[in-house]
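The sequence lines fix the lettering, A, B, ..., with proteins before strands; numbering per chain opens at 1. Because the structure is predicted, anything quoted here is derived from the model rather than measured.
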Number of protein chains: 2
Amino acid sequence: MDANSVIKALAALAQEHRLAVYRLLVQAGPEGLSAGILADRIGVAPSSMSFHLAQLANAGLVMQRRQSRSIIYSADFDVMNSVMGYLTENCCGGLSCSPITAFFPDVSDQREVA
Amino acid sequence: MDANSVIKALAALAQEHRLAVYRLLVQAGPEGLSAGILADRIGVAPSSMSFHLAQLANAGLVMQRRQSRSIIYSADFDVMNSVMGYLTENCCGGLSCSPITAFFPDVSDQREVA
DNA sequence: TCATCGATTCCATATTTATTGAAATATCAA
DNA sequence: TTGATATTTCAATAAATATGGAATCGATGA
């Protein structure tokens, strides 16, 4: 994965609402969530949500499919996978930064988005 | 680690020059590199480099120490470690996105910064 | 067909970010 | 002290980002 793609993905996630959206989509699994539901849950105008979803899609972090009138978004793990690989490879000392040493969940942070 | 800290770290890395700086500092190890050397290597004005280093420092990704007239920056892996943990925990399906499946280096990308 | 619903695009605006020259600060050496 | 060096801060500017109302597009059902 090239640096440009990594930057696009990091920039997509480096925003309060988009990070929250991505977390919701990860939770939601393959079924995904519609743009409208996401706008409601996050609390932004539909047009703003479209803007943010476009960024996530442009970074390759989410997939979209039409289902009747709704457009359903779902997390696509491929890019996230590559980003994690890039960071591990290029931005970690090779010793730390591994999820093995950081895997324990921060329970206090579990409900802050929904 | 709270979402805000993650966002700050991701935003710090989601910029061409800053990502390049961080990679250089990871390569450089604990000895680090001075602000001037970094400005030269990256190819930006000293004041621009100060701006970017301030963002990395504010995100907690780098440490600084004065050594004579120079200020030496070095990578601090703690925050990166936490970010990796947060992403693994909250933004990955729990199945993929693990460095175990993405660990193999992209050799073609090794020299693009330096 | 027509009204409606869900989502996006367009537009205007406000905010944030990035950039660099110039000035200010800190250190050192003569 | 004076001058040179390294870095940051300040100021001005340009560019990118985020926001939401209004208009538009697509799909559905009566």
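Listed nucleotides: D:dT19, C:dT20, D:dA18. Nearest to the side chain of A:Q55: D:dA18.
Interatomic distance, OG of A:S70 versus CZ of A:R65, reported as 10.5 Å (0.5 Å rounding). Distance OH/A:Y22 to CG/A:L53: 13.0 Å, rounded to 0.5 Å.
Here D:dT7 presents its P atom at 9 Å from OH of B:Y73, a figure rounded to the nearest Å. In this structure, A:R65 places its CZ atom 15 Å from C1' of C:dG6, rounding to the nearest Å. Summarising the geometry, the separation between CG on B:L38 and P on D:dT8 is reported as 10 Å, rounded to the nearest angstrom. For B:L10 and D:dT17, the CG to P distance is 16 Å, given to the nearest whole Å. Per the geometry, CD1 belonging to A:I42 stands 11 Å off P belonging to D:dT19, to the nearest Å. Taking atom CD1 on B:I37 and atom C1' on D:dT7, their separation rounds to 13 Å, with Å as the unit. At whole-Å resolution of the value, CD1 in B:I7 and P in D:dT17 are 16 Å apart. Here the C1' atom of nucleotide D:dT9 and the CD atom of B:Q64 are 14 Å apart, to the nearest Å.
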task = Evaluate the criterion side-chain contact (heavy atoms from CB on, under 4.5 Å) for residue pair A:K8 and A:N58; output intermediate values, then yes/no.
result = CA-CA 8 Å; A:K8 229 194 297 186; A:N58 180 253; 3.1 Å; yes
What are the atom names and distances for every N/O pair under 3.5 Å that joins the protein to nucleotides 28-30 of chain C?
unit_1	atom_1	unit_2	atom_2	d
C:dC28	O2	B:R69	NH1	3.3

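In this structure, B:S34 reaches the D:dT7 phosphate: one of its side-chain N or O atoms is under 4.0 Å from OP1 or OP2. Contact annotation: B:S48 does not reach the phosphate of C:dT19 (side-chain N/O to OP1 or OP2, under 4.0 Å).
If you find the closest nucleotide of DNA chain C to B:P46 and to A:F51, the one lying nearer the 5' end belongs to A:F51.
Considering only residues two or more places apart in sequence or on other chains, B:A39 meets the side chain to side chain contact (heavy atoms under 4.5 Å, CB included) condition with B:M49.
On a pure distance criterion of 3.5 Å, no polar donor-acceptor pair joins the side chain of A:S70 and the base of C:dG6.
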